[in-house]
Every structure is written in C-alpha cells, then in structure tokens.
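Data block below; observations after.
Naming convention: chains lettered A, B, ... in sequence-line order (proteins, then strands); numbering from 1 in each chain.
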Amino acid sequence: MTEETTQESVPRLPTRLERYRIPLGLLVLVLALRPVVSSDLLLGYNAIASKMLIMMLFVAGFNLLFGYTGLLSFGHAMFLGFGLYIPAIFVSNGPGLLPAGGGVTFLFGVALAVAGVAAYGYLLGRLIVGMGEIYFALLTLAFSQAIYFIVLRDPAGLTGGSNGLTQGTLPAFVEQTRGEIAIEAFGQSLDWYWAVALVFLVGMLALWQIVRSPFGRSLVAVSENEQLARAMGVNTTRYKIWSVTFSGIFSALAGVLLMIQSSGAAIENLSVFTSGDTVLMAVLGGVNYFFGPVVGAFSWLFVEDFLTGFELWQFPLSELTLVTVDLSDILVYWQFLLGALFVVVVLTAPEEGIWGYLSSVAEWLRTKLTEVIG
Amino acid sequence: MTLLSVSGLEAGYETGQVLFGVDIDVEDGELVSLLGRNGAGKTTTLRAIAGGTEPTVLGGTIGFDGQELSGSAPYEIASRGISFVPEERRCFPRLSVVENIRLAINHAENPKDIETVLEFFPELSEMREKHAKNMSGGEQQMLAIARALAANPRLMLLDEPFEGLAPYIVRRIEDIIAEINDQQEIAVLLVEQNVAAAVAVADYHYILAEGRIVESVSTAQLRANEEVRQRYLGV
C-alpha cells in the first residue's frame, strides 16, 4: 500500500511529454552523441559516433527478437551480412543494365537486401521457431556459420572470400575524403553522421511503433508466458516467425550503413564473434527496455575505444602532468573488464542491465527529491 | 442446451495417466464447479479442455457447442468461445492492466468493449497503467478474469481462482464471478479446493477422485450430504 501512495505522490512529467519520451530521447541522443563522444576530451574522432548509431540500430533489431519475443538468436551476424554484402556486390559488379558504382545500383541492392533478408527470415523462422528456445539459439548459430563459410568460399568471385569486398563498393553519391564520408546528392552535401542519424531515427521510430502496437504487445505476451498467450487465442508460432522477419530487416538495414561506414564488406562482421557481441551488448544494456540495446552498444563501443586508446594515465592534465602511469599492459584486457561488468549485470539483474539500473536510480532520486521538496 | 459435454475423457502426462473417464456437462449460462482433493485431476481436466501440449488426451470426447474440441490448437479453442484462466502466472507482468485486457480483445473473434469490461472491475479501472508485476495477488486475479471476460466467451474455465487470497478478496471475487455469470450469461466451469467458496457461487458440482467423477450434486444436495463431503473433500 505504501508503494502505491509514494508512486502517486510523485509528480509525473506532463502526460503528453511522457508519452513521447522515446522519440524525444532518440532525438536528444542523435543531437548530443557526436559532440560529446567525438570531442577531444573523450574519443576525439568523428567516425566512432556514426559507428555507435549503426550498432545501436543493429542491437535494437536483435532485441526485438530477444527482449520482446524471448527468442535468443546466436547468429544475428547473418542478418547484418545481407545488408553488408548484397549492396556491396551490386555496386562493385554493376549487374545487367545497372552500372557499377551507380546510385540506382546501390538502391536496387538495398531493396534486394531487404527483400532477401525478409524472405530468408520468414523461411528460417518457419523452419525453426517451433523447436524450442535452446534449439532456436543453436540453429541460428548453425545457419549463421553456414552463411559465413559460403561467403568465405567466395562463390563465383562475388564475395571476395576472406578479403571481403573493399574495391568500388561505394555508390557515386558517397564522397570520401581523408576518412570523412559525406553524401553528395541533388547538389547538396550531407555529413555522413547526419545521414546515419536520419536512418537511425527512422529505423528506431519504426521499431518503437512495432513494440507498442498490438503486434508488439502480443510479442511481449509470447515472451512472458507462451502457454497463456496461446490459451488466449494468440497464434504464437506466427508471431515468432514475424518477429524473426522484422528483426532481420532492421539488422540488415544496419548492415547497409555499416558497409558504407567501413567502405566495404568485411567478413569479420559475419563471424560468430559479431553474433556473440550482439548478445552481450543487449544484455549489458538491459533487454527489457527499449533503450537497453542503445545503452549496451554505446557502453561496449565506448569502453572498447576509450580503453584501447588510453595508454598513459596522466594526472591531473596531459599538459600539466604530475603523475604518469603506463596502463597499456592492463588495458589491452578491456574485454575482460567488460566481461566482469557483464557478469555483475547477469548475476544481479539479468533482464535489467545498465538501463534498468539507471532508471531505478532515477526513480529513487525522484522519490527522495519529492520528499525533500514536499 | 448443453454447451460443454465431456464424456469418457482419459488424459495423462509422460509420467502416467491421470484421468480415467471423466464425464462433465455444462449447460449454457450455468455455473458449475469441479471439486476434489489435491491430485484428483481437476487441473488436468481443465487443461485438457483448454488444449495445448499437456496433458495428452488418450480417449473420450470433448464436445463444445456440438463440435469436437480435442485435437484443436489452443488458439482455435479460444476462438470458439472458451476463455481459460490458469492457476499460476495468470497475467503478463510486463504489460499494464489496459494492455493485458487489450491483448484479449485483439485476439478474440467478437470481443467486448474495454469500458464494458472495466465496469465490472472498478478497482482495475483506477490503475489502468499499472503493470501486472506491481499488482497484488487479488488484483492480478481480477485482471485475469477481466481479460477472460474481454474475449466475450461462452464458457470461462477458472482454475482455483480463490487460492492464496485473503478472505475479503475471496468474497469480492465470488461476487464478480457470480455477476459475470448472471449478467453476461457466460457459463463458468470452476475448479476449486475451497468448498465453501464453490458452494457460495456454483449451481452444480462435480466431485473428482482419482481421475473419475464420483458424484454430481446440486448445491443443496452437497450442503445436505455430509458423507460425500467427508469422504471426497475432507470437510
């Protein structure tokens, strides 16, 4: 009873603002991310910000399947691969009437990647969602490995094998100068970060619409209590199949962005390590929350980059150093540090993650604050 | 008219057979209870009617509105007008009150309006956005019944709806069940160990012992027949 009264006495944000907190949060995120993380005080280069947005979209796509439907995919890299390889193959080869390097060729490749991943996701879903959770994880891993090895064999000289595709994969409207990418279209130049931000926003808003729609609420029901959902008339198998399909589409979309970001398709992105990292990022961030994958991907990439680029600890400032400690020997083990954090998350609150922890702290602070003011 | 007609039902799990020929009839709009001690097969009977992977139906027929149910998928059974409220994990914890009810509405053929449903549950309409995981046991039971009602069924299957609840909430839920049965003309098959609560709401009672129906009595007969109560129910 006390819990109820404290909840009610806490003044909430105006309801309209509260209702749109997810789109507002996404907007603030894209506006603030680059100025903050790319500043000289933190990571100091621009490409990391767009990389972060791409991985956030990818992990969020993964979490539609894991956090919202309760299906753990251990081979999500394969979906990323569709977006990574199909447009790259199209642009570098220029099949049929479409010229190599053309913008239309690229868009055609993207359309085919999305259609292909949707068809593949649907068929794969039909084949494996009925097998139970453990077999779902194992079979996604198996299929992902099968795709990895097919791409590695370089069929018909299309995929470039272990070298990946690095030559002529960018369409004409992508300008690259000294590592900075810009989109040149209709006489305008758009910075790559903002192009990514646009796709990110559209993708994440679409995802938000899906999870709050009756379809998305049914997915949550399936993940929480499949038997009850079934008894209520939910055809749970159909929902799971569509969840695999949509999750694949969002992940492939992230793959398209990653192809341009890294000027080509690298086979490492198809490997089992990518799939594993995806699971870890989602769990680290909190699979029960919309912003969980966002925070998870951010923390992962930030820690990776910050710690590996941080070899000397100079105190208090690099210009005025009193103490210098060489940390390079320790920080090469950044994955160990992340792993330790991951263990803490899983042991304390496996579904809550960093975001769940942050929101409970925020809730606690708000309650305390109201007590002090009131 | 007989709405549900179970006859000679045999069912069981991998570990062994539980039901050895159960016969139950529920008339249209009737409120019937299925009583029995722990392990008598009450929940198994209800689950066999609702469908699903467990238990396996080994023999007999389950007729609903003149059609055979056994072998159908649970969602098909639900779409014919049967709502099932299980004993445990009755609600979806991460969904709010409104979302729980909407889920039933979105998956029913001919659902009720959400406001019509909430009229029966003033307690719930005051906590529409509350998540089920933050609700008390009694509130969750109300939500589960509200969700079953939203599908606008012809038959509701309730598995021990009073278990673990405080006496005053038991009375409140008795009232709700009676009200729904009376005003909405929805038949109810109620599984219960709490004989007093079952006697308070149901018109007719089947008594199950060791996988067989051993008695079928009206409320008045059950009240009068101390021997039956003693032998099969221990009260």
Side-chain angles (χ1 to χ4, degrees), chain A residues 1-8 10 12-13 15 18-19 21 63 66-70 130-133 211-240 286-290 292 349-352 355-356 359-360 363, chain B residues 46-47 49-54 72-96 98-111 123 126-127 129-136 139 143-144 147-148 150-153 156-157 159:
Chain A
M1 213 53 208
T2 42
E3 191 186 71
E4 217 168 284
T5 42
T6 47
Q7 266 184 3
E8 274 163 19
V10 177
R12 294 244 154 212
L13 285 168
T15 32
E18 172 105 11
R19 189 190 295 174
R21 66 187 192 280
N63 201 43
F66 187 32
Y68 286 93
T69 319
M131 307 283 213
E133 283 166 39
V211 301
R212 72 192 197 124
S213 70
F215 173 79
R217 299 291 91 187
S218 305
L219 292 185
V220 175
V222 170
S223 80
E224 296 208 296
N225 193 340
E226 190 175 349
Q227 275 198 326
L228 180 56
R230 242 191 250 140
M232 281 174 56
V234 181
N235 184 343
T236 54
T237 309
R238 216 178 65 200
Y239 277 85
K240 287 177 178 178
V287 297
N288 266 357
Y289 299 93
F290 188 80
E351 283 164 352
E352 298 291 306
W355 184 261
S359 45
S360 56
E363 188 67 30
Chain B
L46 223 49
R47 289 198 175 273
I49 300 168
T53 46
E54 294 215 297
S72 305
Y75 65 88
E76 291 168 338
I77 293 172
S79 74
R80 293 200 197 153
I82 296 183
S83 284
F84 176 46
V85 178
E87 182 186 356
E88 285 168 335
R89 307 211 299 143
R90 312 171 183 114
C91 300
F92 300 104
R94 273 163 76 193
L95 299 184
S96 69
V98 169
E99 286 172 341
N100 262 284
I101 298 174
R102 283 250 160 82
L103 196 69
I105 291 176
N106 291 330
H107 292 282
E109 306 253 299
N110 178 30
E123 300 92 335
E126 283 168 19
M127 49 172 94
E129 301 305 323
K130 195 164 183 174
H131 285 229
K133 64 179 172 197
N134 299 326
M135 289 165 59
S136 71
E139 289 164 352
L143 179 55
R147 208 189 46 225
N152 200 9
M156 238 188 235
L157 306 173
D159 196 356

Turns out that what part of A:Thr236 lies under 4.5 Å from chain B's heavy atoms comes down to neither

Calculate, to the nearest 0.5 Å, the distance between atoms NE2 and CZ belonging to B:His107 and A:Arg230 respectively.
13.5 Å

Taking CD in A:Gln227 as the centre, count heavy atoms belonging to other residues, nucleotides or ligands within less than 6.0 Å. Is the count above 12?
no

Below 4.5 Å from any heavy atom of chain A, which atoms of B:Arg147 appear? Answer side chain, backbone, both or neither.
side chain

If you count heavy-atom pairs under 4.5 Å with chain A, which of B:Pro93, B:Ala144, B:Ala50 comes out on top?
B:Pro93

B:Ile77 versus chain A, the contacting section by heavy-atom distance below 4.5 Å:
neither

Quick one: what part of B:Ala108 sits under 4.5 Å from any heavy atom of chain A, side chain, backbone, both or neither?
neither

Take B:Leu95 and A:Arg217 through the test side-chain contact (heavy atoms from CB on, under 4.5 Å) and record every step on the way to the result.
CA-CA 8 Å; B:Leu95 299 184; A:Arg217 299 291 91 187; 3.5 Å; yes

Distance-only donor-acceptor hits, side chain of residues 78-86 of chain B, under 3.5 Å, sequence neighbours excluded:
{"unit_1": "B:Ser79", "atom_1": "OG", "unit_2": "B:Glu76", "atom_2": "O", "d": "2.8"}
{"unit_1": "B:Arg80", "atom_1": "NH1", "unit_2": "B:Glu68", "atom_2": "O", "d": "3.3"}
{"unit_1": "B:Ser83", "atom_1": "OG", "unit_2": "B:Ala148", "atom_2": "O", "d": "3.0"}

Going through the checks in order, is the side-chain contact (heavy atoms from CB on, under 4.5 Å) test met by A:Val220 and B:Phe92?
CA-CA 8 Å; A:Val220 175; B:Phe92 300 104; 5.9 Å; no

Within this structure, what is the CG-SG distance for the pair A:Asn225 and B:Cys91, rounded to the nearest 0.5 Å?
9.5 Å

Just how far is it from atom CD of A:Glu351 to atom CZ of B:Arg94, taken to the nearest 0.5 Å?
7.0 Å

Less than 4.5 Å to any heavy atom of chain A: does that hold for the side chain of B:Arg102, its backbone, both, or neither?
neither

Can you tell me how far CG of B:Asn100 sits from CE of A:Met232, rounded to the nearest 0.5 angstrom?
7.5 Å

